[in-house]
There are 2 protein chains.
Amino acid sequence: MTLKLDKVNRGPHLSTLVASSISREIAQGRLKPGDQLPTEQALATTFGVSRNVVREAIARLRSEGRIWSQQGRGAFVVESTNPTVLTIDYEALQRADSFRNLFELRGILEVQAAALAAKRRSETDLAAMGDALAGMRAAPYGSVAWLRSDLEFHRTVAEATRNSYMGQFLVFVSERVRESILAAGNQQKSDDMARITLGEHERILTAIRAGDAEGAQAAMRDHLAGAALRVGLHDGEAAAEPASPAQEVPSPVRHSRLRKAVRGRARG
Amino acid sequence: MTLKLDKVNRGPHLSTLVASSISREIAQGRLKPGDQLPTEQALATTFGVSRNVVREAIARLRSEGRIWSQQGRGAFVVESTNPTVLTIDYEALQRADSFRNLFELRGILEVQAAALAAKRRSETDLAAMGDALAGMRAAPYGSVAWLRSDLEFHRTVAEATRNSYMGQFLVFVSERVRESILAAGNQQKSDDMARITLGEHERILTAIRAGDAEGAQAAMRDHLAGAALRVGLHDGEAAAEPASPAQEVPSPVRHSRLRKAVRGRARG
DNA sequence: AAATCAGGGTTGTATGATAACACGACAAGA
DNA sequence: TCTTGTCGTGTTATCATACAACCCTGATTT
């Protein structure tokens, strides 16, 4: 009975085809950066579709940053070929130093986000944070529900900054960090930890509620330091304080042989 | 009359606004994965735009992988797939508030990067920063060479943090900010500015060379505040202080009548 | 020479219509 | 009862046309 019947693979929309065609023209150099595209009407007739379809295709390319258009003038191929996406190599994260770096970056963002949140949070933000904390209290430490509430708390803080990019970046980084932690899968759980972690979160919320930016920063910093320990990262300083007095690394690229330094990351 | 200088307020297309709105609904959980979106007609009337605009918006969201649509059925929020790439919507950046947010994020990263760099920089880092500054001194303010040296300086600072992700993110964000500034193309240039900007950079380098984290932070903060002004962003606070007291937007779809809000865009 | 204005060309938006498709309801046939 | 065919409704996909806003250019006027 289980006929394969794979997905009604309906052909892509016309606008997609048109977008691909134009994209190909650009990729193959027939349309160079700075060049002006034919008019929408011209494209419509050459492709044999309506101007509407062409517009959807162009809207797409525009959102991808490949072309740029101005009313009354036309559409142009954008100059810079700078990457418009940022990716984090999953494998690289398995390396201890990479993980530590990402954790540090996350810390910076979280700490500053906490400060901003303390200044800009609304009542609904506070309520949402409270809810998230309640969720953590109700769930057993380390459970799925607990993790979700934890994540939710941090997400809410990010949202309270009223800066969408802050939220976007923070969620992105946090997700990568969390994945990596789960993949390593070495967490010891205890009731003490639940209590401690919860306490850290409560301090954060208290400071944010009070509008105390410095306090929120400090509380978040402490929280992350604690989290670092719980994850097996020594030196809570990852989030803030630097440590070594700038050891010299004279030559530029010198990361050879990192590999073995990694093997025993995680663990304790 | 001259005084073009109206913010970075380049008018985004209606489709961009609509796409952002829907995007926000999804991000904030009011539209959950698997949910069906309202019909195009319904969206058109609630947003107060034509169905065409809605379609362009949906086409974008579809190309971004956020929603999925099928003829005869409707459009649906795609099942949550952990994004493995981070993208910045090029068009959304044309909106002044988005730009300001990204600028703020950049500020946070730069300031913290300066602090880390002060603690971790090597001699070669310092030399590279010095070279970049020399390049700025040699080139006329605002020229291509000047901009390249400027970028190079900041890149070097990021590198001195010894945190590759910091560099990656910072470069990514800075590039977007820079592109947006160039696109707006409203900068006044003067010799004073060259001197001032150069001075700001020199202060940063001095502090980093001295290993003074707080000083580097402060210098970088000043620099960014100055840059914000030069770009037409009032309130250097973009890098630190908050602004509005978080207005509420409680109910889900309530964007009726975007129309008039848009009418008098651009121009002044 | 400079400012103003008119016109054409182009993108942005609105509107209505048609075709293709999904889905449920309902009735006819087994 | 179960299957099948048909139909009507709702939705997306596409088309076609019209108008508004805008840029650019060139002629006209000052």
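A, B, ... follow the sequence lines: proteins, then strands. Residue 1 opens every chain. All values reported here derive from a predicted model rather than from experimental measurement. Atom set for the values below is all heavy atoms of this structure, side chains included, hydrogens, waters and symmetry mates excluded.
Listed by chain and residue number, B:T16, B:R95 satisfy the side chain to side chain contact (heavy atoms under 4.5 Å, CB included) test with B:S20 (two or more places apart in sequence, or in another chain). For the side chain to side chain contact (heavy atoms under 4.5 Å, CB included) test, residues two or more places apart in sequence or in another chain that qualify with B:S149 are B:M136. Evaluation of the side chain to side chain donor-acceptor pair (under 3.5 Å) rule for B:Q36 yields no partner, not counting sequence neighbours. Partners of B:S174 according to the side chain to side chain contact (heavy atoms under 4.5 Å, CB included) rule, which considers only residues two or more places apart in sequence or in another chain, are B:R106, B:E110, B:L170.
Atom CG of B:N52 and atom C1' of D:dA20 are 15 Å apart (whole Å). Rounded to whole Å, the distance from CD on A:E56 to P on C:dG12 is 14 Å. Remark: P of C:dT13 and CZ of B:F47 are 14 Å apart, rounded to the nearest angstrom. Put simply, CG on B:L43 is 17 Å from P on D:dG10, counting in whole angstrom units.
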What are the atom names and distances for every N/O pair under 3.5 Å that joins the protein to nucleotides 5-11 of chain C?
{"from": "C:dG9", "atom 1": "N2", "to": "A:G72", "atom 2": "O", "distance (Å)": "3.2"}
{"from": "C:dT10", "atom 1": "O2", "to": "A:G72", "atom 2": "N", "distance (Å)": "3.4"}
{"from": "C:dT11", "atom 1": "OP2", "to": "A:E40", "atom 2": "N", "distance (Å)": "3.0"}
{"from": "C:dT11", "atom 1": "O4'", "to": "A:G72", "atom 2": "N", "distance (Å)": "3.4"}

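Between B:Y141 and B:W146, the ring planes are perpendicular. Angles over 60° get that label, and only those under 30° would be called parallel. Using bins of under 30°, 30° to 60° and over 60° for the plane-to-plane angle, the ring pair A:F172/B:F169 lands in the tilted bin.
Applying the 4.0 Å criterion to OP1 and OP2 of C:dT13, one finds that B:S50 has every side-chain N and O outside that range.
Using five terminal pairs a side, the axes of the helix from C:dA1-D:dT30 to C:dA30-D:dT1 at its two ends make an angle of 0°, given in steps of 10 degrees.
The existence of a salt bridge linking B:D35 and B:R30 is excluded, since no basic side-chain nitrogen approaches an acidic carboxylate oxygen closer than 4.0 Å.
Distance alone, capped at 3.5 Å, is enough to place a donor-acceptor pair between the B:T45 side chain and the B:A42 backbone.
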